[in-house]
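For this chain, numbers begin at 1 and follow the sequence in order.
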Amino acid sequence: MSDFALRGLEIHSSRLWQMAQIDRTLDFMTRTGLNALIFHQNDIIDELVLPSQYFDEAQMLARWPIRFARLWDNRIYMNQVVRKAGERGIGIFFQTKEIWYPEPLLETHPELRNPDGSICPTNPFWWQFVSDKMRDVIAHVPGFAGVIVSPGTRESRVSISANACTCERCRRTDPTTWYRDLLGAMHAPLAEGGKTLAVRDFSWTLEQQSQIVDGASLVSRDITIQLKNTPHDFYPTFPHNPRIGHCNGHPQWLEYDTWGQFYGLGIFPVSVAEDIKARLTHAKDKGISGVIFRTDWEIILDQSVFNSCNLVNLVAGAMLAEDIGTPLETIFRTWLGIGVMTPYLSGSYLQQPVRPTAPDAHVRWAAYFSQAWKVVEKGIYARGHVFHENSMFPDTAEKPYFYMIDFHGRDDWEPGASALVIPTDENLPLLLDEKDDAITLVRTLASTLDVSTMGLPEDMARDLQDMLALFELYIRTFKTIAEAVFLVYRARHGLDATAASQALDTLPALTALRDEVETVLASREHPHLVLEMMDPQRLTDLISDIRVRCA
């Protein structure tokens with residue numbers, strides 16, 4: 001018997017519309033015992049239905065024929081995917097952000113737009129619209145298993161959490177009531193159709209998180225609460241999500257990012273298998289019944305765990321979800337049994353994994369992985385805070401503190417946590433020491449892995465060697481960035497009268513690193529993701545920003 005009843009894989013990009021990607025995914029899921037495939041796209045329901053209660057065929061052909069034809073094609077495609085998955089015992093879930101609507105709706109219902117251009121989220125129209133949309137998707141794609149919704153994100157088109165409307169009704173509406181009304185409108189038709197409704201706690205504050213869960217409780221205890229393993233987003237350095245095990249008696253699922261949005265975007269092989277094991281152990285102890293593993297990210301084109309050595313994390317998730325006691329050695333052996341993939345081929349190439357022939361390959365990869373996460377943790381985080389911008393270099397000296405304290409701040413979940421990253425005389429040595437540790441560790445990775453004797457094809461070995469060199473350059477650059485940023489902060493906040501001149505003194509080193517990055521990126525063809533993550537223009541902008549701030 002599996003430790004978790006629902007064991008899901010999430011596709012969070014346009015790959016979900018590519019049958020080759022679906023077939024490969026279903027093969028992997030069958031091999032590893034995963035039983036739920038989640039298609040995460042903000043408007044995925046609106047890519048399958050008009051809805052027909054608001055648009056008729058004649059109207060669509062006269063005004064929006066392209067959308068009409070595309071929806072027809074999408075439904076045929078999706079029904080085929082649902083059938084293929086069902087034949088393997090795999091359920092399909094649609095993960096959406098509501099309230100969402102198609103652009104033509106504002107033309108047919110202009111009253112929805114306020115004179116100032118804002119959209120009122122408390123207009124009763126929305127509850128009927130969302131309910132009708134759920135009924136329509138059940139009618140046209142009847143075989144899907146359920147809907148997962150994010151009602152509290154700022155990423156939907158209409159939400160109480162990002163509301164620009166100032167009408168009296170909006171001012172009077174309690175957010176918990178709004179979540180109740182939205183989830184109620186979705187739950188009724190889905191429940192009638194035998195479909196599961198799960199609501200994600202994805203929110204920006206602890207208060208919003210509680211409002212979402214409480215709103216679901218006012219509708220039905222049958223609604224599943226889907227929780228990120230850490231609060232707000234997938235930050236491996238953050239503590240457990242405090243709502244795990246505390247969701248008013250609702251069924252609970254846990255979600256986890258295996259690809260690496262916050263630890264190298266899948267370019268650098270970084271195993272978080274140990275963290276997955278710890279998070280799932282905690283989740284199981286708290287009564288979680290399902291786990292979902294994200295494999296990519298909507299913002300990034302043509303990349304996923306399926307063209308990355310970080311496939312090891314998905315293998316770990318699948319095996320640990322089945323049996324949480326699975327040893328890490330078994331996980332690494334299983335991953336290598338599938339094979340290694342180069343991060344230098346984009347995901348649409350559907351490369352074939354290669355099994356290394358070295359008998360100790362799993363030992364060497366295990367030793368590498370035990371260090372690689374520490375390199376990232378010490379190199380691009382600051383005492384557990386998110387110093388980077390989706391693994392990219394910051395382009396201003398203010399950005400890291402914006403992300404650490406405001407955008408990704410831990411204070412809402414751990415009051416006072418931000419004090420750890422204020423570069424006081426006491427904290428500064430600690431902040432810099434971890435960067436020195438990262439440099440020491442990253443320089444050991446090439447010899448630990450020893451790619452040339454791994455028993456891999458020559459071109460793949462070269463790719464991995466280039467990746468390891470790139471990894472070291474990436475960490476060296478972050479170290480100098482951190483030194484400069486901490487000094488700028490000290491200067492701007494009056495912590496050190498000499499900090500401004502010290503910050504300016506870092507610019508020759510930072511400029512040299514910028515030039516080195518440019519040279520390396522020009523030395524061979526890199527995936528566009530490397531060019532984005534290590535964009536030298538961001539370093540140029542950072543250097544200019546420091547000059548202005550410290551002049």
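Heavy atoms from other residues, nucleotides or ligands lying under 6.0 Å from CZ of Phe407 number more than 12. Crowding of Glu458 atom CD: a count of heavy atoms from other residues, nucleotides or ligands under 6.0 Å not exceeding 12. Other residues, nucleotides and ligands place more than 12 heavy atoms under 6.0 Å from the CD atom of Gln18. A 6.0 Å sphere centred on CD1 of Ile66 holds no more than 12 heavy atoms belonging to other residues, nucleotides or ligands.
Nearest heavy-atom pair across Gly379 and Ile475 is CA-CD1, 4.2 Å.
A cation-pi contact links Arg524 to Tyr344, judged by a cut-off of 6.0 Å to the six-membered ring centre and 45° from its axis. Under the 6.0 Å distance and 45° angle rule, Lys228 counts as a cation-pi partner of Phe202.
Taking the six-membered ring for Trp and thresholds of 30 and 60 degrees, His40 and His12 have nearly parallel ring planes, at less than 30 degrees apart.
The ring of Phe471 has its center closer than 6.0 angstrom to the ring center of Phe268. Annotation: Trp373 is not in aromatic contact with Phe369 [ring centroid separation under 6.0 Å not met].
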* Kindly indicate, with the supporting measurements, whether the criterion salt bridge (charged side-chain N to carboxylate O under 4.0 Å, His left out) is fulfilled by Arg88 and Asp27. => CA-CA 9 Å; Arg88 299 174 184 242; Asp27 286 345; 2.8 Å; yes
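A salt bridge (Lys or Arg N to Asp or Glu O under 4.0 Å) with Asp46 is found for one member of Arg157, Lys97, Lys133 and no other, namely Lys133.
Side chains of Pro394 and Tyr403 form no contact here, defined as non-hydrogen atoms less than 4.5 Å apart.
Using a 4.0 Å cut-off between charged side-chain N and carboxylate O, Arg333 and Glu329 make a salt bridge.
Side-chain contact, Asn390 with Gln261: a donor N or O sits under 3.5 Å from an acceptor N or O.
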